[in-house]
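To start, the structure itself, in structure tokens.
Computed from a predicted structure; not experimentally measured. Here, residue 1 is the first one in the sequence, and each next residue gets the next number.
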Amino acid sequence: EAALADAGLGLETIARIAVCTGPGSFTGLRVGVAGARGLALGRAVPALGITRFEALATAVARPGWPGTAAEGEAAREGGAEPRRLEDKVGWQESRPLAVALAGRGAVFLQSFAPDLAPLGPPALIAPEALTLAMPARAVRVGDGWAVAGAEADLLPEGLADPAILAALAATRAPGPLPAPLYLRDADADPPREAPPVLLD
């Protein structure tokens, strides 16, 4: 409601709902995806899911898209770590991207061609195997490289930019309802005690 009010728009102007499907926390993903699906159902509009991999790859590779200009200017003016490909000295646009995200002792990895087409599905990688799993000469993006003792080439914000999610969703045809992207088992332990006997 606050975002719509700031933009001077109403709920009736929403044509589709975009949501980040992960990877991320189990509870956060379930709440976010359920909320997006509920809003889409209530407004009778499509809901589309975008992964964090896609959002981060787009944020660094397409500087003209929403949400990326201010970050690039801050990187150039303040000397911060480069967040976009055009801010990285020596960047060659012919190189693929390898987006690695930290995940509790493991790394989530997905690689993209220079045109941002996925080179394979998202995967859970052991830190020691991360370098071997990335494409040759790929630009290393994300916070997962530190888990493997490597240095990232670009460090975009860890969470997906809502403007990037919206821009990606606007370019896609609606499909199946979004679902959380889980790449590892839940951390919750199953109950160790037998359930109580229910009396009729």
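Q110 places no side-chain N or O within donor-acceptor distance of the main-chain N or O of P118, the cut-off being under 3.5 Å. The closest donor-acceptor contact from the side chain of D153 to the backbone of V139 lies at 3.5 Å or more, if one exists at all.
Inter-residue side-chain proximity for P174 and R16 is flagged as met; some heavy-atom pair is nearer than 4.5 Å. A 4.5 Å side-chain heavy-atom check between P96 and P135 finds at least one atom pair inside the cut-off.
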Legend entry - Step-by-step side-chain contact (heavy atoms from CB on, under 4.5 Å) determination, F53 to L101: CA-CA 8 Å; F53 297 112; L101 305 173; 3.8 Å; yes
Inset, instruction - Check the pair L154, L97 against side-chain contact (heavy atoms from CB on, under 4.5 Å), reporting the backbone distance first and the verdict last. - result: CA-CA 10 Å; L154 290 160; L97 303 176; 5.6 Å; no
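If you run side chain to side chain contact (heavy atoms under 4.5 Å, CB included) between F112 and each of V99, T58, L119, V141, only V99 comes through.
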Could you tabulate the donor-acceptor pairs under 3.5 Å formed by side-chain atoms of residues 29-48, not counting sequence neighbours?
residue: R37; atom: NH1; partner: P178; partner atom: O; Å: 3.1

Residues 18-27, side-chain donor-acceptor partners within the protein, below 3.5 Å, at least two apart:
residue: S25; atom: OG; partner: G28; partner atom: N; Å: 3.0

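Taking Ile, Leu, Val, Met, Phe, Trp and Tyr as hydrophobic and joining them when side-chain heavy atoms fall under 4.5 Å apart, one finds L109 in a cluster with V107, I125, L130, M134, W145, V147. Other cluster members for L177: none, since no ILVMFWY side-chain heavy atom sits under 4.5 Å from it.
Taking both residues in full, the closest heavy atoms of T171 and L168 are given as OG1-O, 2.7 Å, listed atom of the first, atom of the second, then distance. The shortest non-hydrogen separation linking A169 to I50 is N-CD1, 4.2 Å.
Taking R172 as the reference, E54 meet the salt bridge (Lys or Arg N to Asp or Glu O under 4.0 Å) condition, with sequence neighbours excluded. When the side-chain contact (heavy atoms from CB on, under 4.5 Å) test is applied to P162, no partner is found at least two apart in sequence or on another chain.
For E12, the CD atom counts as densely surrounded, since its 6.0 Å shell holds more than 12 non-hydrogen atoms of other residues, nucleotides or ligands.
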